[in-house]
Student: 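A single structure is presented below for examination.
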There are 2 protein chains.
Amino acid sequence: MKITPMTQSLVLHFGEMGSRWGLNRTLGQMYAVIVLTEAPLNADQISEALQISRSNVSMGLKELKSWNLIKLHHIPGDRKEYFSAPSDIWEIARTLVVERRKRELDPTLSTLRDALMEQPSNESDEYAQMRVKQMHDLMEMVTLWSNEMQGMSSEKLSALLKLGEGISKILDVKDKLLLR
Amino acid sequence: MKITPMTQSLVLHFGEMGSRWGLNRTLGQMYAVIVLTEAPLNADQISEALQISRSNVSMGLKELKSWNLIKLHHIPGDRKEYFSAPSDIWEIARTLVVERRKRELDPTLSTLRDALMEQPSNESDEYAQMRVKQMHDLMEMVTLWSNEMQGMSSEKLSALLKLGEGISKILDVKDKLLLR
DNA sequence: CTGAATTTTCAGTAATTTGTGAAAATTGTA
DNA sequence: TACAATTTTCACAAATTACTGAAAATTCAG
């Protein structure tokens, strides 16, 4: 598959960013080309578009699947598998947040809980445990939000984000409002 | 500096997670030991506690400084520099969000803007540009939030996060409330 | 200003991560 | 079931990233 110069430069950029996003260069490039192309693509097309080996594409797809970021299609009369990204960008964002939470927060939350169960052996352990408690509570709240987000419709999510600076005002009046 | 078993296991865990957090193993370990220790530490103490070279610590501190994650102290009569983490965990979280946004979103936002300025050369470019527009708008909203967060007090931030599932309800009644 | 203490830099090496081709496994159709 | 098409796995190679010790630079007390 040929790729337009515009897509090409976006793909390169997403490759660069991929590493900063917990993925890696190839994964970033692969997802870019999938997101930016309307028709579902098969592994060979991706391999050709990005000039990477077929086996590398296979591994990349495996990982994108584990992130729930791609949809699988079958084209009648064609044995190949075709892949596309969700058409709703909010769905992609929601998935990214949830999956990153699973990878970045959940394991730590569990380690922090373990540390809280331990008996502090001295003063410095007591301090450490106090810090652990703070981190734990904060991360638990973030987890709650991420769960909340998971269940929100794209419309609602969009409305929430659009609040932007309005959020501060809302916080100020929230108590009054909810008491009615 | 000796390190208690409890701190030790937390440090190891944060090392593992470090890589998932856009830092790296050593950076994760370094920040863990700094956050979990009450007294500010100097480079030699960190080097000893983590069993890594003095030069590695120097490079790590440089990076932690660039993330605005550590505070510098001087102890009278001692020429060494001492480092600590903010005592307010919310401040740490706020800084992390802002710095990650700088690294993960800002460069992409600018690339997306560039792509939007270009003249689509054909139908597939038109589709790509439509996707770019969606991503751009979404990321811009997230940026707005991150800026908002930057200016929020720890108390307010905490209150906001505590809303948790309440956020949905608030969204539902927001229009009514703000119209009064 | 001198020089000892301290921090930073950097070139080389070590460790880790990523990518490939070939072979194995799987899939689906005839 | 047989077999060709397709996908996956995996051992090795390539590329990238992280770590070290030695040397250079900086800092500051006297």
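Given the structure is predicted, the values throughout are model-derived calculations rather than measurements. To find a chain, count down the sequence lines: A is the first, B the second, and so on, and within it residues start at 1.
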Student: Report the distance from atom CG of A:Leu160 to atom CE of B:Met141, rounding to the nearest 0.5 Å.
Tutor: 10.5 Å

Student: Provide, to the nearest angstrom, the distance between the CG atom belonging to B:Asp78 and the C1' atom belonging to D:dT27.
Tutor: 13 Å

Student: Around A:Lys65, counting heavy atoms of other residues, nucleotides and ligands shown, do more than 12 lie under 6.0 Å from its NZ?
Tutor: yes

Student: Scan nucleotides 16-23 of chain D against the protein and return all N/O pairs shorter than 3.5 Å with their distances rounded to 0.1 Å.
Tutor:
from, atom 1, to, atom 2, distance (Å)
D:dC19, OP1, B:Thr26, OG1, 2.3
D:dC19, OP2, B:Thr26, OG1, 3.0
D:dT20, OP2, B:Ser53, N, 2.9
D:dT20, OP2, B:Ser53, OG, 3.0
D:dT20, OP2, B:Asn56, ND2, 3.2
D:dG21, N7, B:Ser55, OG, 3.1
D:dG21, O6, B:Ser55, OG, 2.8

Student: Whole Å only: how far is the CG atom of A:Leu50 from the P atom of C:dG19?
Tutor: 11 Å

Student: Would you mind reading off the distance between B:Leu41 atom CG and C:dT6 atom C1', rounded to a whole angstrom?
Tutor: 17 Å

Student: Taking all non-hydrogen atoms of both residues into account, name the closest pair between B:Thr37 and A:Tyr127 and its distance.
Tutor: C-CE2, 3.6 Å

Student: Quick one: A:Asp44 CG to D:dT6 P, roughly how many Å, whole number?
Tutor: 8 Å

Student: Could you check how far CD1 of A:Ile46 sits from P of D:dT7, rounded to whole Å?
Tutor: 10 Å

Student: With a distance cut-off below 6.0 Å to the six-membered ring centre and an angular limit of 45° from the axis, does A:Arg101 pair with A:Trp145 as a cation-pi contact?
Tutor: no

Student: Grab the CZ-P distance between A:Phe83 and D:dT6 for me, whole Å please.
Tutor: 13 Å

Student: Would you mind reading off the bend of the helix from C:dC1-D:dG30 to C:dA30-D:dT1 from its two end axes, five pairs each, to 10 degrees?
Tutor: 30°

Student: What N/O pairs connect the protein and nucleotides 28-30 of chain C at under 3.5 Å? Give each pair on its own line.
Tutor:
none

Student: Would the number of heavy atoms belonging to other residues, nucleotides or ligands and lying under 6.0 Å from CZ of B:Arg25 be above 12?
Tutor: no

Student: Are any of the side-chain nitrogens in A:Arg94 or A:Glu91 under 4.0 Å away from the carboxylate oxygens of its partner?
Tutor: no

